[in-house]
Number of protein chains: 2
Amino acid sequence: MQRTSSNKSLILIVEDEPSQMELLSFNLNAEGYDVLKAEDGEEGLLLFKEHDIDLVLLDWMLPNISGLEVCRQMKRSKNSKDCHLIMLTARGEEEDKVRGLDMGADDYIVKPYSVKELLARVRSGIRIRSAAKGADTLNYGKIKMEINRRSVKVDNKAISIGPLEFKLLQVLLESPKRVFSRSQLLEKIWTENLEVETRTVDVHIGRLRKAIKSVSDDNLVKTVRGFGYSLDDST
Amino acid sequence: MQRTSSNKSLILIVEDEPSQMELLSFNLNAEGYDVLKAEDGEEGLLLFKEHDIDLVLLDWMLPNISGLEVCRQMKRSKNSKDCHLIMLTARGEEEDKVRGLDMGADDYIVKPYSVKELLARVRSGIRIRSAAKGADTLNYGKIKMEINRRSVKVDNKAISIGPLEFKLLQVLLESPKRVFSRSQLLEKIWTENLEVETRTVDVHIGRLRKAIKSVSDDNLVKTVRGFGYSLDDST
DNA sequence: ATTTTATGTAACAATTTTGTGACAAATCAA
DNA sequence: TTGATTTGTCACAAAATTGTTACATAAAAT
């Protein structure tokens with residue numbers, strides 16, 4: 001089985017029954033997705049607003065707010081291009097399917113479902129969305145870069161960096177754990193201006209680190225004394 | 001219930017059995033879709049290349065080329081982002097579903113299917129795609145554009161902008177959050193006159209901003225220093 | 001322990017990028 | 001035609017980025 005890629009997509013599960021939740025989150029984790037859990041509709045909507053979710057698995061039967069209502073609110077709030085919503089339900093009633101899909105759900109799976117099929121539908125959903133976005137994303141560890149949005153997130157929180165730091169991070173992200181010498185980085189990034197001191201790289205690495213540290217304590221940007229720098233999430 | 005848009009969506013049916021074909025095309029026509037028919041994979045691929053198809057209904061069992069192969073070829077071709085593909089099959093085998101979805105199908109319906117459910121899935125598929133396509137209204141955040149009426153509203157209040165600013169906003173609205181470089185915008189908007197300074201873009205962005213600001217305080221048009229501009233409603 | 005070397009980083013000046021008013025040319029409407 | 005609107009460019013101001021230096025730390029070598 002081919003693994004989709006190294007990008008972690010963020011999936012929100014809204015499901016009130018613990019055993020179902022466990023089953024889903026275990027399998028999705030095993031496939032390499034990041035998972036958020038919500039036990040009812042309100043919590044689900046809250047998490048949905050706070051995070052940049054790629055795909056939602058939404059149970060139809062929920063305490064308080066119904067799944068259908070949650071679906072409608074989610075689809076109304078965000079740009080629907082960005083998030084795929086799969087309804088998950090015990091009912092097989094055709095009318096329900098039709099209502100769910102017409103309410104904005106992108107897919108519909110009937111319980112009891114096969115885990116393999118569910119995972120295949122999840123992959124398909126993720127694929128649809130990333131095609132719509134333009135699918136230019138790099139990630140490693142807690143860092144997620146969306147190139148055509150020029151956005152970088154660490155721990156799902158956006159950081160703001162200048163163009164050179166962006167390019168620098170991009171080069172590092174394209175080959176995580178690889179050590180780049182200062183002159184290699186100069187060649188790759190300062191393509192126009194060749195008259196630059198190697199120490200300049202240090203300064204920009206510092207600026208990149210500062211930006212990352214402003215939202216997360218981990219130091220992903222490692223110094224390899226005598227050689228250069230690399231991205232590395234090991235201890 | 002909102003109608004998706006006034007333009008008819010174009011659906012391609014690839015199905016070798018006449019009775020099935022009849023059933024599908026009759027119902028889809030009744031719903032207001034334009035329908036193209038193909039009786040085997042080759043004809044299907046041909047029509048797919050020639051037309052700007054919004055959605056494909058693809059039978060699994062076909063003479064000559066298998067549906068799976070047709071699916072892969074369609075999804076490989078360039079405009080696949082814009083087209084939703086639903087596999088249609090007599091088999092209920094789980095492995096087949098998984099293979100079909102992993103091969104690029106966006107959805108999967110098992111025969112015998114309910115016509116209502118099929119239509120709902122078709123609507124859902126069209127809706128997913130129509131975000132990218134030329135729907136005659138574009139929305140993002142507080143901005144609402146009605147293309148054929150040439151009207152733009154922010155916070156439900158109309159603003160008045162010139163043709164160029166309109167086009168500019170349209171391009172931005174079609175891919176919210178995506179950052180466009182000045183030269184990309186020049187290519188997309190100043191298609192006739194190539195002899196234009198990139199700084200001209202800045203001026204028009206400024207004019208667009210002024211128009212928006214005249215009715216709303218939010219600044220949706222963001223500058224991404226060193227790269228270009230984008231529409232973005234995040235803080 | 002001391003020296004040498006490599007790296008981190010604050011601070012500053014130079015450079016680049018962007019925002020915007022002004023204005024003339026071009027276009028359009030009547 | 002006239003008058004209004006739209007468009008492209010420029011000039012200058014404002015803002016952000018960038019490269020360098022100088023000094024502080026840290027690691028390695030002696």
Side-chain angles (χ1 to χ4, degrees), chain A residues 150-152 158-172 179-214 217-232, chain B residues 150-152 158-172 179-214 217-232:
Chain A
R150 299 269 127 81
S151 105
V152 178
I159 65 174
S160 141
I161 55 181
L164 269 182
E165 279 85 47
F166 190 93
K167 268 187 164 179
L168 179 56
L169 181 57
Q170 185 177 352
V171 168
L172 294 175
V179 180
F180 291 91
S181 72
R182 290 170 177 72
S183 30
Q184 283 176 319
L185 292 171
L186 282 177
E187 278 175 24
K188 280 183 178 287
I189 297 162
W190 280 261
T191 42
E192 357 257 308
N193 183 5
L194 306 171
E195 318 283 316
V196 182
E197 305 285 327
T198 59
R199 289 305 311 279
T200 302
V201 176
D202 299 14
V203 177
H204 283 281
I205 286 282
R207 286 169 182 161
L208 182 53
R209 280 177 174 150
K210 196 158 89 175
I212 292 173
K213 198 156 59 185
S214 73
D217 285 330
D218 283 317
N219 180 18
L220 282 288
V221 182
K222 295 275 162 59
T223 302
V224 182
R225 203 156 228 276
F227 294 99
Y229 299 97
S230 74
L231 266 194
D232 195 330
Chain B
R150 306 234 109 210
S151 97
V152 178
I159 64 174
S160 140
I161 54 181
L164 269 182
E165 280 85 44
F166 189 90
K167 263 187 157 184
L168 180 56
L169 181 57
Q170 184 179 353
V171 168
L172 294 175
V179 178
F180 292 91
S181 71
R182 290 171 176 73
S183 29
Q184 284 176 319
L185 292 171
L186 282 177
E187 276 175 25
K188 281 182 178 284
I189 297 163
W190 281 261
T191 42
E192 3 257 308
N193 183 6
L194 305 172
E195 316 284 316
V196 182
E197 304 285 326
T198 59
R199 290 304 310 279
T200 302
V201 175
D202 299 7
V203 177
H204 283 281
I205 286 281
R207 287 169 182 162
L208 181 53
R209 280 179 174 148
K210 197 158 86 175
I212 293 174
K213 198 155 60 184
S214 72
D217 285 331
D218 283 313
N219 180 17
L220 282 291
V221 182
K222 295 271 163 64
T223 302
V224 182
R225 214 150 223 277
F227 295 106
Y229 298 98
S230 73
L231 269 194
D232 195 331

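Residue numbering restarts at 1 for every chain, and letters A, B, ... go by the order of the sequence lines. No experiment lies behind these values; they were computed from the predicted model shown.
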Handout entry: side chain to side chain contact (heavy atoms under 4.5 Å, CB included) partner of B/Y229, chosen from B/R209, B/Q184, B/H204
Key =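 Among B/R209, B/Q184, B/H204, the one meeting side chain to side chain contact (heavy atoms under 4.5 Å, CB included) with B/Y229 is B/R209.
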Whole-Å gap separating [atom2] ([N]) and [atom1] ([X]):
{"X": "B/L208", "N": "D/dG8", "atom1": "CG", "atom2": "P", "answer": "15 Å"}
{"X": "A/L185", "N": "D/dG19", "atom1": "CG", "atom2": "C1'", "answer": "16 Å"}
{"X": "B/L168", "N": "D/dT7", "atom1": "CG", "atom2": "P", "answer": "11 Å"}
{"X": "B/E195", "N": "D/dT7", "atom1": "CD", "atom2": "P", "answer": "18 Å"}
{"X": "A/L186", "N": "D/dG19", "atom1": "CG", "atom2": "C1'", "answer": "11 Å"}

Problem - Residue mapping more 5' on DNA chain D - nearest nucleotide basis, A/T198 or A/I161 - result: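 Mapping each residue to its closest nucleotide by heavy atoms, the 5'-most match is A/I161.
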Exercise for the section: Could you pick out which residue, B/E165 or A/T200, lies toward the 5' side of DNA chain D when each is mapped onto its nearest nucleotide? Expected result: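 It is B/E165 whose nearest nucleotide is closer to the 5' end.
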[atom2] on [Y] to [atom1] on [X], rounded to 0.5 Å:
{"X": "B/D232", "Y": "A/R150", "atom1": "CG", "atom2": "CZ", "result": "14.0 Å"}
{"X": "A/L186", "Y": "A/E195", "atom1": "CG", "atom2": "CD", "result": "11.5 Å"}
{"X": "B/L164", "Y": "B/L208", "atom1": "CG", "atom2": "CG", "result": "11.0 Å"}

Practice task
For the residue pair A/R182 and A/T200, establish whether any side-chain heavy-atom pair is separated by less than 4.5 Å.
Solution key: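 Contact flag for A/R182/A/T200 side chains = no.
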Exercise for the section: Indicate yes or no: at least one non-hydrogen side-chain atom of A/V201 is less than 4.5 angstrom from one of A/F180. Expected result: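 A side-chain contact under 4.5 Å is absent here.
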Exercise for the section: Ignoring backbone atoms, test whether B/W190 places a side-chain nitrogen or oxygen under 4.0 Å from the OP1 or OP2 oxygen of D/dT7. Expected result: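 No, outside the criterion.
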Problem - Summary of protein contacts for nucleotides 12-27 of chain C, nucleotide by nucleotide, where a base hit scores B, a sugar-phosphate-only hit scores S (4.0 Å, heavy atoms) - result: -----BBBB-B-----
